[in-house]
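In what follows, a single structure is set out as structure tokens and then discussed.
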Amino acid sequence: MKGSNAKDILVNNSNKEMSEMQTKNQVEDSIIQESLLTCIDLANSDLHQSALLLKKACLDSGFFYVINHGISKEVTDKAFEQSKKFFALPSEEKMKVLKNEKHRGYTPLYDQIPDPENQVQGDHKEGYYIGSEVPRDDPQWDRPFYGLNTWPNPDVLPGWRETMEEYHQEALRVCKAIAKLLALSLDLDADYFDSPEMLGKPISTLRLLHYEGISDPSKGIYGTGAHSDYGMITLLATDGVMGLQICKDRNAKLQKWEYVPSIEGAIVVNLGDMMERWSNGLFRSTLHRVILNGQSRYSIPFFVEPNHDCIIECLPTCQSENNLPKYPAIKCSAYLTQRYEESHLKFSSYKKTNLS
Ligand code: OGA
Ligand code: NI
């Protein structure tokens, strides 16, 4: 992977490529610079110190880096290699594993439009969803977000499934470690989120993404339009090609967008809307988007949501007489269904749009 070293994490403002890109993409109402994000060391044995640092990051933007996460470079590199191989297949081969009703499989270019008010067409990216495998003999296997994955033909891509399953497992382990720190930072028991009721059977989704093209915000063309993630925690591994931007104040008249640089060995983490709801708006689920500069870009987000039936409601430590719950309680699966429907083409319209 390209990118800076964890050591120079907070510096590196003089990148030439960056400043050229900034100039190109600067739009009237935004000033673009690099964001300075907190770095959480998951190998630090002082959990309370890490939780304090994390709390600061979550109050500020909900975006931070984790290092010493234990996902080896080999596992990550393999996942990127196999992802590139999949996207390089002929379109007919990719369409054989088109995303199904269980949200597993291939999503073609323009499939998603997270910010229809500002986008003239869908995101300039193709993707592949890999969810949590819940086998047929499990009483819950027929729930909308549980079930079996769909996989490319192993004769075409040998070892592909195994590579993705390994990365999926590793990413979930990291998210559970972050969930412990999040609980501590909200004055809850360390195992509050990492418990059978919440993360015993999580809806965890690995998504491979491949971006192409040049974005032009002034014309409403984006790699990914502005959005916040739906769930609890997102891990984001990228190939080092710049593109991710965050906007800390979505209500500002002049929205200010900042690049989040990739750092060798570090993973970007952000909180999703469920975490904002749980914390009664205390922790931030920040608006972000992807701006492309013409280079191909690959990324691997991993989204963690709790169990299907988990109720997302204001945490006991985030409410008081003077701070009543701001969001109604909602079941995890109901919330996700609503959010997927708002931002994706319907399964039935893929065929019309892409196969006609
Ligand atoms: C996402 C996302 C950013 C990226 O998939 O939700 O924000 O860099 N991805 O691909
Ligand atoms: Ni996102």
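This is a predicted model, so every value here is computed, not measured. Nothing fancy with the numbering, it's 1 onward along the sequence. Counting starts at 1 for both ligands and their atoms, in listed order.
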Can you give the donor-acceptor pairs under 3.5 Å from side chains of residues 52-63 to other protein atoms, not counting sequence neighbours?
from	atom 1	to	atom 2	distance (Å)
Asp60	OD2	Lys248	NZ	3.2
Ser61	OG	Phe63	N	3.1
Ser61	OG	Phe63	O	3.4

Does [X] make a cation-pi contact with [Y], if we ask for NZ or CZ under 6.0 Å from the ring centre and within 45° of the axis?
X      : Y      : value
Arg339 : Tyr230 : no
Arg104 : Tyr129 : no
Lys102 : Phe145 : no

Hey, is [X] close enough to [Y] for a salt bridge, meaning N to O under 4.0 Å?
X      : Y      : result
Lys125 : Asp111 : no
Arg297 : Glu212 : no
Lys78  : Glu162 : no

ILVMFWY clustering at 4.5 Å (side-chain atoms), partners of Val120: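 Result for Val120 is Ile221.
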In the protein, N/O/S atoms that are found under 2.8 Å from the Ni ion (ligand 2), waters not counted: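 Hits for the Ni ion (ligand 2) below 2.8 Å: His227 NE2, Asp229 OD1, His288 NE2.
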Check ligand 1 for N or O atoms under 3.5 Å from a protein N or O and list each pair with its distance.
from	atom 1	to	atom 2	distance (Å)
ligand 1	6 (O)	His227	NE2	3.0
ligand 1	6 (O)	Asp229	OD1	3.1
ligand 1	7 (O)	His227	NE2	3.1
ligand 1	7 (O)	His288	NE2	3.0
ligand 1	8 (O)	Arg297	NH1	3.0
ligand 1	8 (O)	Arg297	NH2	3.0
ligand 1	10 (O)	Tyr211	OH	2.6
ligand 1	10 (O)	Ser299	OG	2.7

Trace of the ring-ring contact (aromatic ring centres under 6.0 Å, His included) decision for His124 with Tyr110: CA-CA 6 Å; His124 282 222; Tyr110 310 131; 5.2 Å; yes
